[in-house]
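A short write-up of the structure that comes next.
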Amino acid sequence: MNSIPVFEETPVEVSSPGVFGGSGIAGGMPEPWAEHGARLVGKYTDKLLTRLEENRRQAAAIEAQQLTILDALRRHFEQSEALHPDQATTHRWSDSAVARRTLVTEVAASLRLPERTAERLIEEARMLVHLLPGTFAALQVGEISRRHATVLVAHAQALPAEALPAFETAALPYARILTPTKFDRKARILRERTHPDSIHARTVQATENRCVTLDPACDAMAYLVAYLPAEQGMAIINRLTDIARTEHGPHGDGSEEPRTITKLKADILVGLLTDGVVDHSYVDDTMVDERGMLVTPRFRKGYGHGITAKVMITVPVLTLLGHENEPVMLEGCGPIDVETAKQLTAHAPSMIRLLTDPHTGIVLGVGKSRQIPKELRRWLHVRDETCRFVGCNQPARVFDLDHTIDVQYGGLSEESNLAALCPKHHDVKHHTNWTMGQHPGGNITWTSPSGREYTTPPAMRLAASPRVPL
């Protein structure tokens with residue numbers, strides 16, 4: 001195997017802080033030499049990224065070829081049904097069932113996959129090749145990845161055939177620009193808008209399948225999975241997060257909490273469900289077993305009492321008045337039915353008035369409030385929904401807002417100069433050569449150290465707003 005040279009031109013000391021970030025002067029070298037080295041690093045980085053993108057396109061094209069072969073196999077087995085005598089009277093399976101199971105087991109054995117996975121792949125191939133031609137064409141030329149195609153198929157499967165063209169036309173452009181996770185959220189919204197049946201009727205039906213399951217995992221662990229109405233799931237995870245963030249701070253004796261927020265949420269869940277309330281003192285080293293796991297999770301007194309779950313929803317005004325069927329949005333999750341939204345708002349301690357255009361989804365105003373800073377922060381958390389760095393899905397509501405242009409450089413504390421950044425990407429912005437610029441409507445363009453640009457759109461847009469000092 002041929003090794004890839006680090007540089008094809010004049011060598012540069014890549015470990016020097018001046019090359020990748022910082023002052024711009026590498027290790028005390030003269031500034032012109034440092035700038036030359038930085039250009040070489042940027043040029044070579046861009047070259048490797050270009051090769052990486054080309055490989056991704058080639059991989060997508062190969063995935064599309066595999067789907068074509070899978071669909072050809074499916075059609076071959078379906079056509080072969082006519083070659084077999086009807087066995088329905090002597091066997092439990094019909095000819096079509098025999099052909100289907102033979103196909104699935106053949107594919108599963110050949111690709112060394114579970115049969116359920118093989119069956120899903122065969123159905124995915126059928127839908128892409130025959131029912132979602134635009135998506136399949138985009139996969140063939142590498143405009144989208146296989147994961148994006150899989151997400152689109154998963155949502156399309158819940159739609160009747162006559163609704164598929166409209167759904168694909170609306171969703172496919174987002175598959176080209178969003179990460180699979182963000183595209184999944186967007187596709188879920190578009191599916192709700194496209195589905196001919198009301199979301200309330202489908203929610204009532206889906207609620208009948210609610211359940212809690214336990215899936216064994218390796219190393220004596222397990223996954224506890226709950227299939228619940230979305231507003232209940234969000235309320236649970238938000239409550240766990242709020243308790244964990246409170247617990248994560250310094251303790252009264254000066255000691256630091258050793259567990260991460262993620263681990264704390266798991267321990268709090270165990271405490272609330274096994275003891276009914278987390279009502280213990282802080283954990284010490286004697287409560288950790290040989291695996292480093294808590295024998296009995298312990299917390300400061302009182303958790304579980306006086307803490308209420310919080311969710312945030314956005315209701316289009318014409319939907320609330322019964323004139324439109326635009327879905328209500330549950331922050332961090334997606335669409336819910338208007339009846340559930342009415343139940344939630346009936347007991348809400350406070351609300352923010354967001355008037356939205358029913359056709360574009362653009363927010364027309366934030367109403368009047370005597371506490372504008374607080375409401376502005378809430379609005380921006382709704383607008384951004386997640387950290388605004390490229391591909392980050394950390395929820396915006398738990399982070400402070402970052403000034404796109406720092407105040408010390410003339411930046412204003414206004415909607416068009418504020419965005420949610422998680423702590424990690426806040427550090428990326430301030431301590432590396434990544435830069436960001438915010439545009440009218442909430443789009444943010446990130447420029448990488450190699451000079452590449454990536455645009456992240458907001459989850460919700462504000463048409464226009466006055467400058468509001470904090």
Side-chain angles (χ1 to χ4, degrees), residues 55-172 175-176 180 183-184 187-188 190-191 194-197 202 205-206 209 211 213 215 225 227:
N55 286 345
R56 183 199 62 184
R57 286 190 288 269
Q58 293 173 357
I62 293 174
E63 295 270 18
Q65 291 177 10
Q66 292 177 345
L67 292 170
T68 302
I69 295 170
L70 279 171
D71 189 66
L73 278 169
R74 179 190 61 80
R75 288 185 285 109
H76 168 69
F77 274 84
E78 288 180 354
Q79 292 167 2
S80 70
E81 293 176 25
L83 302 178
H84 300 286
D86 190 356
Q87 301 173 341
T89 57
T90 57
H91 295 277
R92 186 164 55 91
W93 286 355
S94 65
D95 289 347
S96 60
V98 170
R100 182 72 176 182
R101 296 317 308 166
T102 303
L103 168 63
V104 170
T105 51
E106 286 274 21
V107 171
S110 176
L111 299 182
R112 296 185 293 278
L113 294 173
E115 291 184 19
R116 184 173 296 180
T117 302
E119 197 160 20
R120 178 182 58 80
L121 289 177
I122 293 167
E123 178 59 19
E124 185 176 318
R126 184 190 70 83
M127 290 199 65
L128 284 169
V129 173
H130 299 284
L131 301 179
L132 300 167
T135 304
F136 188 60
L139 181 64
Q140 286 178 307
V141 298
E143 291 180 352
I144 64 173
S145 71
R146 175 63 180 278
R147 286 186 62 193
H148 289 88
T150 298
V151 168
L152 197 145
V153 168
H155 288 287
Q157 287 174 330
L159 292 170
E162 62 272 16
L164 291 180
F167 171 70
E168 184 183 36
T169 299
L172 187 54
R176 294 186 173 100
F183 174 58
D184 179 57
R188 188 181 303 116
L190 295 173
R191 183 191 65 183
T194 308
H195 205 294
D197 297 334
R202 286 178 283 121
Q205 182 178 0
N209 298 322
C211 62
T213 60
D215 297 332
V225 181
Y227 181 65

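Just so it is clear, the model here is predicted, and its values are computed rather than measured.
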Kindly say whether [Y] contributes a backbone atom to a donor-acceptor pair with the side chain of [X] at under 3.5 angstrom?
X	Y	result
Arg202	Asp197	yes
Glu124	Val153	no
Ser110	Glu106	no
His148	Glu143	no

Stepwise, does the side-chain contact (heavy atoms from CB on, under 4.5 Å) test hold for Thr68 with Phe136?
CA-CA 10 Å; Thr68 302; Phe136 188 60; 3.2 Å; yes

Pair Leu67-Arg146, side-chain contact (heavy atoms from CB on, under 4.5 Å): steps then yes or no:
CA-CA 10 Å; Leu67 292 170; Arg146 175 63 180 278; 3.5 Å; yes

[X] to [Y] - nearest heavy-atom pair and separation:
X	Y	answer
Val151	Pro180	CG2-O, 4.1 Å
Arg176	Ala138	NH2-CB, 4.1 Å
Ala156	Leu164	O-CD2, 3.4 Å
Phe183	Leu152	CZ-CD1, 3.8 Å
Arg57	Gly142	CG-O, 3.4 Å
His155	Arg191	O-CD, 3.3 Å

Beyond-backbone contact of Val107 with Leu103, side-chain heavy atoms, under 4.5 angstrom:
yes

Straight-line distance of [X] [atom1] to [Y] [atom2], nearest 0.5 Å:
X	Y	atom1	atom2	value
Ile144	Leu172	CD1	CG	6.0 Å
Leu73	Glu78	CG	CD	11.5 Å
Arg75	Asp71	CZ	CG	5.0 Å
Arg74	Gln79	CZ	CD	9.0 Å
Leu190	Thr169	CG	OG1	11.0 Å
Leu128	Thr135	CG	OG1	6.5 Å

Output, in order, the C-alpha distance, side-chain angles, deciding distance and verdict of side-chain contact (heavy atoms from CB on, under 4.5 Å) for Thr117 and Leu111.
CA-CA 10 Å; Thr117 302; Leu111 299 182; over 6 Å; no

Please check if the number of heavy atoms outside Gln205 that lie under 6.0 Å from its CD is greater than 12.
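Open.
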
Please check if the number of heavy atoms outside Arg147 that lie under 6.0 Å from its CZ is greater than 12.
no

State whether Glu123 and Arg126 are salt-bridged, where the test is any N-O pair (Lys NZ or Arg NE/NH1/NH2 against Asp/Glu carboxylate O) under 4.0 Å.
yes

Verdict with reasoning, Arg120 to Thr150, per side-chain contact (heavy atoms from CB on, under 4.5 Å)
CA-CA 10 Å; Arg120 178 182 58 80; Thr150 298; 4.2 Å; yes

